[in-house]
Amino acid sequence: MTAANSPAAPPAGRPAESGRQGAVAGAMVGLFWVDRDGCWLGAPPGGEGAAVRLTDAGLEVTGASAAVQNWPQVERVALPDASARSAFRRGLSTAIGLATTMAGFGGPEAAPLMTVCVTHAEGTSEHLVSSAAAPAYTEREVELSHRLLERFVAGELNPSLLGDWWRSAGHPASPRPAARETLLEQWCGR
């Protein structure tokens with residue numbers, strides 16, 4: 001497997017940074033970010049920190065703790081601290097954030113970090129990645145994303161499934177929460 005050294009794509013709803021050449025659009029579906037370079041857990045790689053790319057062969061970790069784990073070596077992948085909230089709490093958080101920004105009390109905060117825990121024969125490795133959801137994922141999409149990760153680990157599905165969807169749908173922007181949940185349900189049901 002080759003290391004991922006592709007340009008970063010901005011999280012949903014955020015414009016590409018000026019001066020970054022080759023920045024591409026992508027879409028968030030559950031805990032995954034999908035773009036022309038493949039499928040990532042959380043947000044695509046940014047200026048600092050790690051990013052975890054999912055390929056049909058395994059996981060590629062970029063950043064200071066760069067590593068490659070092939071699926072047969074992986075026993076489990078989980079993001080135990082992925083920020084999940086009900087629709088009401090997500091809406092309330094967004095409204096409060098908007099009100100404080102409009103009142104001049106600051107702008108949007110940096111994306112929260114999530115821990116990708118990879119269990120393998122040698123133990124567990126942890127990698128911090130940025131969340132692609134602001135302010136949080138739905139509880140259902142976190143649950144479904146973990147089910148999809150289980151299917152990748154078991155070899156029942158390949159992460160290229162998400163990239164195939166993104167390309168066949170004409171490079172869509174991130175779907176709304178209900179549509180993301182529907183996509184995850186369809187993929188988990190395969």
Side-chain angles (χ1 to χ4, degrees), residues 1-12 16 20 22-80 82 111 113-133 137 141-142 144-175 180 183-190:
M1 246 185 286
T2 60
N5 57 4
S6 58
R20 181 180 291 172
V24 296
M28 178 190 74
V29 180
L31 298 176
F32 309 98
W33 179 265
V34 188
D35 62 22
R36 76 165 185 213
D37 297 319
C39 177
W40 305 87
L41 281 173
E48 295 181 24
V52 177
R53 182 173 179 233
L54 303 177
T55 69
D56 289 353
L59 292 93
E60 296 177 355
V61 180
T62 65
S65 59
V68 174
Q69 289 282 322
N70 292 322
W71 289 119
Q73 300 169 316
V74 176
E75 297 170 8
R76 183 171 189 254
V77 179
L79 290 87
L113 295 177
M114 306 183 296
T115 308
V116 178
C117 298
V118 182
T119 305
H120 41 82
E122 296 81 38
T124 301
S125 55
E126 296 183 345
H127 312 282
L128 287 177
V129 298
S130 294
S131 170
Y137 302 97
E141 67 185 316
V142 170
L144 290 165
S145 294
H146 279 104
R147 284 184 29 206
L148 193 56
L149 283 168
E150 289 170 4
R151 302 230 21 222
F152 294 157
V153 170
E156 298 170 355
L157 289 175
N158 289 317
S160 60
L161 170 74
L162 282 73
D164 293 345
W165 160 80
W166 187 73
R167 283 184 294 282
S168 70
H171 305 206
S174 295
R180 295 193 306 257
L183 281 167
L184 290 164
E185 287 169 352
Q186 290 171 356
W187 294 331
C188 286
R190 286 184 179 216

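Just so you know, these numbers use all the heavy atoms, side chains as well, and skip hydrogens, waters and symmetry mates.
Nearest heavy atoms, Leu183 versus Pro175: CD1-CG, 4.1 Å. Closest of all the heavy-atom pairs between Asp35 and Ala25 is CB-O, 3.6 Å. Considering all non-hydrogen atoms of both residues, Cys117 and Thr124 come closest at CB-CG2, 4.3 Å.
The distance from atom CG of Leu41 to atom OG of Ser130, rounded to the nearest 0.5 Å, is 12.5 Å. Atom CZ of Arg167 and atom CG of Leu162 lie 10.0 Å apart (nearest 0.5 Å). Here the CG atom belonging to Leu54 is positioned 6.5 Å from the CG atom belonging to Leu149, to the nearest 0.5 angstrom. The distance from atom CZ of Arg147 to atom CH2 of Trp187, rounded to the nearest 0.5 Å, is 14.0 Å. Note that CG of Asp56 and OG of Ser160 are 3.5 Å apart. Values are rounded to the nearest 0.5 Å. In this structure, Leu59 CG and His120 NE2 are separated by 9.5 Å, a value rounded to the nearest 0.5 Å.
Side chains of Leu184 and Phe32 form a contact here, defined as non-hydrogen atoms less than 4.5 Å apart. In this structure, the side chains of Leu157 and Leu148 come closer than 4.5 Å at one or more pairs of heavy atoms. Contact annotation: the side chain of His127 approaches that of Val118 to within less than 4.5 Å [non-hydrogen atoms, C-beta and beyond]. Val52 has its side chain out of reach of Trp40: every pair of non-hydrogen atoms, C-beta onward, lies at least 4.5 Å apart. You'll find the side chain of Asp37 stays beyond 4.5 Å of the side chain of Pro44, heavy atoms only. Residues Trp33 and Cys39 are not in side-chain contact: their nearest non-hydrogen atoms beyond the backbone lie 4.5 Å or more apart. Proximity of Tyr137 to Ser131: side-chain heavy atoms (C-beta onward) are separated by under 4.5 Å at one or more points.
Put simply, the side chain of Glu141 gets close to the backbone of Gly30: a donor and an acceptor are under 3.5 Å apart. Remark: side-chain polar atoms of Ser174 are not paired, donor with acceptor, to backbone N or O of Ala27 under 3.5 angstrom.
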**Trace of the side chain to side chain contact (heavy atoms under 4.5 Å, CB included) decision for Leu31 with His146** = CA-CA 8 Å; Leu31 298 176; His146 279 104; 4.0 Å; yes
Below 3.5 Å, can you tabulate the donor-acceptor pairs from side chains in residues 73-80 to any protein atom, sequence neighbours excluded?
from  : atom 1 : to    : atom 2 : distance (Å)
Gln73 : OE1    : Asn70 : N      : 2.9

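Applying the ring-ring contact (aromatic ring centres under 6.0 Å, His included) criterion to Trp71, with sequence neighbours excluded, gives no partner residue.
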